[in-house]
Amino acid sequence: MVFAAPGEALTRAEELLGADPSPLHASVAHQVIGIWQRDFGDTRRALAHLRRARDLAARAESAEREADVLATLGVALVHAGRTRAGLAAFERGVARGSGHTRARVLFRRAYVWWVLGRHGEALEDVRRAIPVLRQADDVIWTARALTLRATVHLALGSVERADADFTAAEALWDTTGQEHDKADAVESRGLAAFRSGDVPAALRLLDEAAERYAKLGTPTFMLTIRRCEVLMAAGLATEALAEADAAVAALDGIGGQSTRKAELLLVAARAARLAGEPQTALARAAVAVRLFAGQRRTWYETHARLVLIEARVATGHGSGRLVADAAAVAERLAAFGAPAAPEASLLAGRIALDLGWTADAERHLAVAARSRHGGPPLARMTGWAAQALRARAAGSARGVLEACRRGLDVLDDHRMTLGASELRARATAQGAELAALAQRASLVSGGPRRLLGWSERWRATVLSAPPTRPPADPVLLTAMTAFRELAARAEEARTDGGRPAPALEREQRRLEREIRSRTLHMRGEAPGDGDRFDVGRLLRRLGDEVRLVELAVLDGRVHVLLCGQGRVRRFEAGLLAEAEVEAEHVQAGLRRLAHPGAEARLPLVEAAGARLERLLLGPAAAHLGSGPVVVVPPGRLHRVPWALLPALRERVLSVSPSASSWLRARDTAPPPGGRQVLVRGPGLASGGAEVPELSDRYAGRRTPSEGGTGAPPPGARTGGGTAGPGATVVLEGGDARVPRVLRELDGAALAHIAAHGTFRADSPLFSSLRMADGPLIVHDFERLDRSPYRIILPCCDTARFASVGADELLGLVTALLPLGTAGVVACTAPVNDAAVVPLMLALHKGLDAGLSLAEALRDARAALPGDAVHQATGWAFSAFGAA
């Protein structure tokens, strides 16, 4: 019962001890309490109960009982870090037991061998145990043994063998009532899915296992370790670090297993390294190495030493000693049959290359490169990275580009198995080194065209295919509705009382986690990336008038790729770090200019714009011609107000995440009928004053109210369907509710959404527009069959993004572009609400005259009054896309 119903088993055991039982029965009760404390509580208390159980079994003169308790005690001692004593207990247990009991002892010793990373011994003991357990018709212990054997196979990279054992074990669990073991089986299937490269399935199964464990009330430290591994593979290293650190604190709080603490510290160290926190990685890895060494767990100690070396390299410490250390770790991992061995060889080769030790580098990289031909996607990418470095050391630019192409193809295939746009974006970080190597090689050998092609190869790739539509999942839909209602109530509480509502906000965060979790479970539907970027096609579409300016960053410097008139030219500009600092200064200046009385800062902001131009465009600014300009910046420059740069200020200017994205937008046809949707949300300082004026302007096209006569007031239409072709729908007040707004937006030609915008840097896909019933979030837009062809977002922060992965952006605008939206006007900085109104009215005037968004925005800026507030407001808005 201690696994099927742990709380009840503990109660029953304590009751039994209170009834003056015989030594035999008392031994069983103390063993049950010891197991409970070992797995769910204080390891020291567990050892006390298990030693008492052993002594009582000896007094009862039951060799079989004593053998069984010795096995349980051996596991507890190993988990407490007392490996030598634990193995000695197993020796006595194997000697005292016989037949069926001895097979159970062997199974538990096999488990301990697995904990210690001694996989050969584990497989040998479980091989001896399974036939005896089967012969005794012991379903539960046979299933446990099969699950353990599968787990050992996974540690050695034998996914097919593991799958066979997991399947056999699950069939046995279905015949039992062992709920804890059933949860463990689901967790194990999640681990198998991860090892085979299926990240969404792994997350889904691990979350299902967590729900099962929660019903039993059992801690889930092993599950946390596995979930953190999957999160890291999905590019969510910061999240994994937080989960691992929280689990360490919880484990310390209950006096839990030393072995689990060491494993959690190892996971935390890996997560910190991937999250760009090398000092944290050093600290966690050093403690993990010390604990593993004391526990005599050489397998794990070697893995921890690998992370320790990686963290030292990340802090800038490269030395011959580290090459030797990495090489020694690689040899040990290879001897263990550990899948991480190629990573260590790649690390040794990379350090050697940096030191100029080409012969040593070649030796280590050649070993790492073998992994490119098989195994899970990330292992193959390790191999291709090693092969690219070998080619670079040999001076073969062609070899570098071929290896990078093959490695990024592997990443593309892996990325497209992910349905969630967030995971697709974050996964690109794993290809950053390959893409950077290719860019450097193309700069040296291929000229501007080749550099443009490789710049596009890894830029904004998440926009290359629409995200998988969220499933018609009733749990997900219910959670999103509840989240919206809670968010609205929390906002109302803040507005009314001026203070947050902690209980509402806690529940809101819980629902956010549930929505995000279920979204991450989605599998990708597209088999690949579709058409590759074609420089010739881009130049044909640009023609002689339009210039596309793509900014590539190599070794910290901005390179301007100027495309147009049938050619690509390259210019060197400034340092990216300096441009980022200047962009922040400009943002601060625009924030101040949004308020009256800051006119004196206008010349300072304009001067900062001129400095930005020198850093970002350099000499290319003199070669832009007189026609429209498309700017394709790197993700880290997404907050630059491009219209402020003197060379771009009077131009038809649009911004695109990539040249490929601009081409797709140009090729996107507007929907038939031209339906327009005007939305006004609550809480705006200006009240969305432009919406009534626009409504009056479009009055002749507005949808008539049901049963009414004459011109209806805005928002009067209440029918359940969508407006017909050419109609204008106005939604405000109670009509501006998320379900209704989404219904009208789907397939519209133009949407103007005046609503308070909130950008969530911590969770970009929960960035929102405030509607009457709560936030309209990015996840809602992803449910549209087709987002509006053009969207105008006149409020603050609607064009803010989070830069993630290699060069990806997550936010409201980038979520819309792959869903059918060809053009967006949005704001990159806080603006003066009153000054927005004339800008928006002038923008719509231009659209009515047949202009594109970029043309209409240029003319609208020119029509504004010349004071500082209106000038800053115009600069803060950008046109994205090509509509």
Side-chain angles (χ1 to χ4, degrees), residues 221 224-225 227-253 258 260-295 297 300-330 333 340 343-344 346-355 378 382 385 426 429-430 432-433 436 553 555-556 575-577 580-581 584 635-636 761-762 802-806:
F221 296 112
T224 297
I225 292 166
R227 177 173 161 77
C228 287
E229 289 179 353
V230 180
L231 290 174
M232 285 186 280
L236 301 170
T238 302
E239 201 168 311
L241 175 60
E243 288 196 20
D245 280 349
V248 170
L251 194 66
D252 284 343
S258 172
R260 290 288 177 259
K261 179 177 180 178
E263 292 165 31
L264 283 164
L265 285 167
L266 172 57
V267 166
R270 289 185 57 223
R273 183 184 62 77
L274 293 171
E277 299 183 29
Q279 293 297 338
T280 302
L282 274 173
R284 303 288 190 278
V287 179
V289 166
R290 189 165 64 248
L291 286 174
F292 286 132
Q295 295 163 2
R297 302 172 72 189
Y300 289 99
E301 181 191 347
T302 308
H303 282 81
R305 288 191 183 280
L306 172 59
V307 181
L308 193 63
I309 298 167
E310 289 173 331
R312 284 174 178 156
V313 172
T315 59
H317 294 88
S319 66
R321 174 65 182 273
L322 283 183
V323 175
D325 289 347
V329 165
L333 291 174
E343 294 178 35
L346 174 60
L347 178 62
R350 191 182 283 126
I351 303 170
L353 268 185
D354 289 341
L355 294 172
L378 299 185
T382 295
R426 294 186 186 278
Q430 293 150 349
E433 181 184 20
V553 179
D555 299 320
L575 296 176
L576 176 65
E580 287 182 286
V581 171
E584 287 303 315
R636 289 166 61 182
D762 63 320
S803 180
V804 302

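Numbering starts at 1 and runs along the sequence shown. Just the heavy atoms: all of them, side chains too, but no hydrogens, waters or symmetry mates, feed the values below.
- Heavy-atom minimum distance, A275 versus T238: CB-OG1, 3.7 Å.
- Nearest heavy atom pair, residue L274 against residue A237, reads CB-CB, 3.6 Å.
- Within the 4.5 Å cutoff, side-chain heavy atoms of D252 are placed close to those of K261.
- Residues L322 and D325 are in side-chain contact: their nearest non-hydrogen atoms beyond the backbone lie under 4.5 Å apart.
- We find the CZ-CZ distance between F292 and R305 to be 11.5 Å, quoted to the nearest 0.5 Å.
- Nearest heavy-atom pair across F221 and A247 is CE2-O, 3.5 Å.
- Counting all heavy atoms, side chain and backbone alike, P278 lies closest to A314 at CB-CB, 3.8 Å.
- Smallest separation of non-hydrogen atoms from L355 and S319: CD1-C, 3.5 Å.
- A heavy-atom distance below 4.5 Å is not found between the side chains of E243 and V267.
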Show your working on side chain to side chain contact (heavy atoms under 4.5 Å, CB included) between L308 and R312 and close with a plain yes or no. CA-CA 6 Å; L308 193 63; R312 284 174 178 156; 3.7 Å; yes
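- Distance check, rounded to the nearest 0.5 Å: CD1 of I225 to CG of L265 gives 9.5 Å.
- Counting only distance, with no hydrogens or angles, the side chain of Q295 and the backbone of S258 share a donor-acceptor pair below 3.5 Å.
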Check: residues 279-289 side-chain donor-acceptor pairs under 3.5 Å, at least two apart:
residue	atom	partner	partner atom	Å
T280	OG1	E277	OE1	3.3
R284	NE	D245	OD1	3.1
R284	NH2	D245	OD2	3.0

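- Here T224 contributes atom OG1 and R227 contributes atom CZ; the two are 8.5 Å apart, rounded to the nearest 0.5 Å.
- For the side-chain hydrogen bond (donor to acceptor under 3.5 Å, both in side chains) condition, the pairs that include at least one residue of residues 262-271, sequence neighbours left out, are R260-E263, E263-R297.
- Considering every non-hydrogen atom in both L241 and A271, the closest pair reads N-CB, 3.6 Å.
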